[in-house]
Trainee: 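Take a look at this one; I'll ask things after.
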Amino acid sequence: LCFAQKDVFQLKDIEKIAPKEKGITSMSVKEILQSLVDDGMVDTDRIGTSNYFWAFPSKALHARKRKLEELESQLAESSQKKEALQKSIEKSKIGREDTAERAALIEELAALRQKKEQLKAEIDKYRECDPDVVEEMRQTNKVAKDAANRWTDNIFSIKSWAKRKFGFEESRIDKSFGIPEDFDYID
């Protein structure tokens with residue numbers, strides 16, 4: 001509508017013209033117009049208390065030209081990258097021709113990699129005897145032992161408090177809370 005008449009319209013004008021010329025129901029004109037504005041196909045501006053809408057063919061033409069230029073520059077850039085990669089591939093192939101010596105070296109490399117994996121597996125078998133691992137286990141055990149003794153101390157403190165506060169017997173407290181008879185600090 002705006003392209004055909006190359007004019008500026010208000011919403012009420014478009015609501016009158018669109019059903020007659022384009023067969024758009026008058027109820028959906030405002031919604032369609034808003035979607036065109038959102039897509040940047042129709043321009044709008046508020047002047048005073050009125051909103052004006054317009055769309056000129058030259059704007060669409062310029063937008064298409066900008067997009068075309070952008071796509072052409074991307075194509076040129078991609079072509080340059082492709083060319084550089086092709087040159088890099090050709091350069092990489094130099095010295096990598098399939099020869100008997102190269103095949104033997106590749107075979108030797110595969111054998112050495114397999115040997116390395118076997119040696120790694122064997123080292124892992126003896127890992128538990130590694131002095132660093134043993135020392136780490138000792139430190140972990142010490143921390144766990146200290147934590148267990150700290151909780152044991154807390155339990156004894158609570159039992160003592162419960163005996164003083166409520167006058168419970170120690171055996172009754174142990175039975176109520178599932179504390180074993182041989183409960184004591186870890187040495």
Side-chain angles (χ1 to χ4, degrees), residues 11 25 27-46 48-51 53 63 66-67 70-71 73-75 77-78 80-82 84-89 91-96 98 101-187:
L11 180 61
T25 61
M27 301 296 245
S28 62
V29 169
K30 188 173 183 179
E31 183 181 312
I32 293 171
L33 187 58
Q34 186 58 49
S35 72
L36 290 171
V37 168
D38 292 343
D39 292 342
M41 297 176 72
V42 173
D43 292 315
T44 183
D45 201 0
R46 183 173 192 88
T49 59
S50 303
N51 286 330
F53 300 92
R66 276 194 304 274
K67 185 68 174 174
E70 181 182 319
L71 290 173
S73 71
Q74 286 178 358
L75 177 64
E77 192 176 305
S78 296
Q80 287 176 349
K81 282 183 182 177
K82 180 184 174 193
L85 289 172
Q86 289 290 353
K87 287 179 182 177
S88 175
I89 288 171
K91 201 183 267 188
S92 297
K93 285 182 179 178
I94 297 172
R96 293 185 182 191
D98 288 333
E101 181 184 357
R102 180 169 162 68
L105 289 173
I106 289 173
E107 196 174 306
E108 183 181 349
L109 178 64
L112 289 172
R113 284 184 177 159
Q114 185 177 4
K115 176 101 174 158
K116 177 184 171 189
E117 291 301 317
Q118 289 172 347
L119 291 173
K120 262 188 180 179
E122 195 165 331
I123 286 173
D124 286 343
K125 274 194 252 179
Y126 300 113
R127 180 167 168 71
E128 61 200 35
C129 298
D130 184 2
D132 293 336
V133 174
V134 171
E135 184 57 34
E136 185 179 330
M137 290 169 112
R138 284 188 182 132
Q139 291 298 324
T140 304
N141 288 344
K142 183 180 182 317
V143 169
K145 181 180 168 186
D146 290 345
N149 285 333
R150 188 171 44 253
W151 280 102
T152 303
D153 195 31
N154 290 343
I155 291 170
F156 283 142
S157 295
I158 290 174
K159 280 173 53 175
S160 172
W161 175 80
K163 281 195 296 186
R164 273 194 328 267
K165 181 83 172 170
F166 302 109
F168 292 140
E169 296 175 19
E170 192 168 331
S171 61
R172 185 173 168 200
I173 294 171
D174 289 347
K175 185 175 180 184
S176 296
F177 291 101
I179 300 171
E181 291 178 19
D182 61 345
F183 183 75
D184 203 359
Y185 292 99
I186 299 173
D187 292 329

Trainee: What pair of heavy atoms forms the shortest contact from I186 to K145, and how long is it?
Mentor: O-CE, 3.4 Å

Trainee: Atom CZ of residue position F183 - does it have more than 12 heavy atoms of other residues, nucleotides or ligands inside 6.0 Å?
Mentor: yes

Trainee: Once rounded to the nearest 0.5 Å, what's the spacing between atom CZ of R172 and atom NZ of K159?
Mentor: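 Output value for this atom pair is 14.5 Å.
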
Trainee: Evaluate L36 against I32 for side-chain contact (heavy atoms from CB on, under 4.5 Å), listing each step before the verdict.
Mentor: CA-CA 6 Å; L36 290 171; I32 293 171; 4.2 Å; yes

Trainee: Near E31 CD, under 6.0 Å, is it more than 12 heavy atoms from other residues, nucleotides or ligands?
Mentor: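 It does not: E31 CD has 12 such atoms or fewer within range.
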
Trainee: Tell me if the CD atom of Q74 is crowded by more than 12 foreign heavy atoms within 6.0 Å.
Mentor: yes

Trainee: Please answer whether the main-chain N or O of A148 pairs with a side-chain N or O of T152 as donor and acceptor at a distance below 3.5 Å.
Mentor: yes

Trainee: Under 3.5 Å, is there a donor-acceptor pair between the S160 and R164 side chains?
Mentor: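 The answer is yes; a qualifying pair exists.
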
Trainee: Tell me whether the count of non-hydrogen atoms from other residues, nucleotides or ligands lying under 6.0 Å of CD in E169 goes above 12.
Mentor: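 No, the 6.0 Å shell around CD holds no more than 12 heavy atoms from other groups.
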
Trainee: Between atom CD of E136 and atom CG of N141, what is the distance when rounded to the nearest 0.5 Å?
Mentor: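 Going from the CD atom of E136 to the CG atom of N141 covers 10.5 Å.
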
Trainee: Indicate yes or no: at least one non-hydrogen side-chain atom of Q139 is less than 4.5 angstrom from one of E135.
Mentor: yes

Trainee: Does the pair D124/K120 count as a salt bridge with the N-to-O cut at 4.0 Å?
Mentor: no

Trainee: Measuring from atom NZ of K116 to atom CG of L109, what distance do you get when rounded to the nearest 0.5 angstrom?
Mentor: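 With rounding to 0.5 Å, NZ (K116) is 10.0 Å from CG (L109).
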
Trainee: Evaluate side-chain hydrogen bond (donor to acceptor under 3.5 Å, both in side chains) for E122 paired with Q118, printing each intermediate quantity in order.
Mentor: CA-CA 6 Å; E122 195 165 331; Q118 289 172 347; over 6 Å; no

Trainee: Please walk me through it: do D153 and R150 pass side-chain contact (heavy atoms from CB on, under 4.5 Å)?
Mentor: CA-CA 5 Å; D153 195 31; R150 188 171 44 253; 5.6 Å; no

Trainee: Rounded to the nearest 0.5 Å, what's the gap from CG on L33 to OG1 on T44? Could you check?
Mentor: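 OG1 of T44 is found 7.0 Å from CG of L33.
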
Trainee: Measuring from S73:OG to L71:CG, what's the distance to the nearest 0.5 Å?
Mentor: 7.5 Å

Trainee: Taking CD in E107 as the centre, count heavy atoms belonging to other residues, nucleotides or ligands within less than 6.0 Å. Is the count above 12?
Mentor: no

Trainee: Taking CZ in R102 as the centre, count heavy atoms belonging to other residues, nucleotides or ligands within less than 6.0 Å. Is the count above 12?
Mentor: yes

